Amino acid sequence: MRVLGVDPGLTRCGVGVVEGVAGRPLTMLGVGVVRTPADAELGHRLVAVEQGIEQWLDEHKPECVAVERVFSQHNVRTVMGTAQASAIATLCAARRGIPVALHTPSEVKAAVTGSGRADKAQVGAMVTRLLRLDAPPKPADAADALALAICHIWRAPAQNRLQQAVAQHAANATKGRTA
């Protein structure tokens, strides 16, 4: 499975591509940051994020895009930019028919480090170790994007089995009512 992880942000949108399957060593195929100037108009910044995501999709052709789920923060301005960048990443993937998975920050931290309360340094250290890198990706947004991709690769099989079980249960319940 090839996954593009996106750590959304308007100033720095982390992107990272990881390939592999759960239970096997993973491979980083690319990591970076889509940057926009903080003083640029919002529309121009959103277009720049879109163009950056599109370039990553063109170059790496992921099977899935994993995006950090936006959560409530005290700084409304920060959460708005994060939500807008998240929507751009989701839109770019949906336009191409690529599935999008949303993962909370604590879910990603727990998957990668074992603790949902891990700090940025711990996430960066584990991403470095799991992908056998020489040093943690910089800035932290890039490491977070790789962590999102790793989380999705590891959690997707279990999530798919759960979705199939729910669908099967619903189908069986429907058959029971029509019989």
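No experiment lies behind these values; they were computed from the predicted model shown.
Of all non-hydrogen atoms in C13 and P8, the two that sit nearest each other are SG-CA, 4.0 Å. Nearest heavy atom pair, residue C92 against residue L57, reads CB-CD1, 3.8 Å. Of all heavy-atom pairs spanning L148 and V108, the tightest one is CD2-CG2, 3.5 Å. The shortest heavy-atom contact between Q122 and T113 is O-CG2, 3.9 Å. Contact detail for K61 and R2: the closest heavy-atom pair is O-CD, 3.8 Å. Counting all heavy atoms, side chain and backbone alike, W56 lies closest to V15 at CE2-CG2, 3.3 Å.
At a threshold of 4.5 Å between side-chain heavy atoms, the hydrophobic network of Ile, Leu, Val, Met, Phe, Trp and Tyr places L102 and V17 in one connected group. V49 and L42 fall within the same hydrophobic cluster, defined by Ile, Leu, Val, Met, Phe, Trp and Tyr side-chain heavy atoms under 4.5 Å apart, directly or through other members. V6 and V33 sit in two unconnected hydrophobic clusters of ILVMFWY residues. Membership requires side-chain heavy atoms under 4.5 Å apart, directly or through other members.
Rounded to the nearest 0.5 angstrom, R45 CZ and D39 CG are separated by 8.0 Å. A distance of 7.5 Å separates CD of E63 from CD of E19, quoted to the nearest 0.5 Å. In this structure, E59 CD and E54 CD are separated by 13.5 Å, a value rounded to the nearest 0.5 Å. With rounding to the nearest 0.5 angstrom, the OG1 atom of T82 is 14.5 Å from the CZ atom of R69. Here CG of L133 is found 5.0 Å from CE of M28. Values are rounded to the nearest 0.5 Å. The distance from the CD atom of Q55 to the CD1 atom of I53 is 10.0 Å, given to the nearest 0.5 Å.
Counting heavy atoms from C-beta outward, V112 and L146 have side chains that stay 4.5 Å or more apart. Put simply, the side chain of R35 reaches to within 4.5 Å of the side chain of P139, judged on heavy atoms. In this structure the side chain of D144 never reaches within 4.5 angstrom of the side chain of P137, judged on heavy atoms. Looking at heavy atoms from C-beta onward, V18 lies out of side-chain contact with V3 at the 4.5 angstrom threshold. You'll find the side chain of Q84 reaches within 4.5 Å of the side chain of L46, heavy atoms only.
Taking a cutoff of 4.0 Å between a charged side-chain nitrogen and a carboxylate oxygen, R155 and E107 qualify as a salt bridge. A salt bridge does not link D7 with R12: every distance from a Lys NZ or Arg NE/NH1/NH2 to an Asp or Glu carboxylate oxygen is 4.0 Å or more.
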Residue pair L10, M80: steps toward the side-chain contact (heavy atoms from CB on, under 4.5 Å) verdict: CA-CA 9 Å; L10 269 184; M80 285 299 295; over 6 Å; no

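Within 6.0 Å of CZ in R95 there are more than 12 heavy atoms belonging to other residues, nucleotides or ligands.
At least one donor-acceptor pair closer than 3.5 Å links the side chain of R132 to the backbone N or O of L26.
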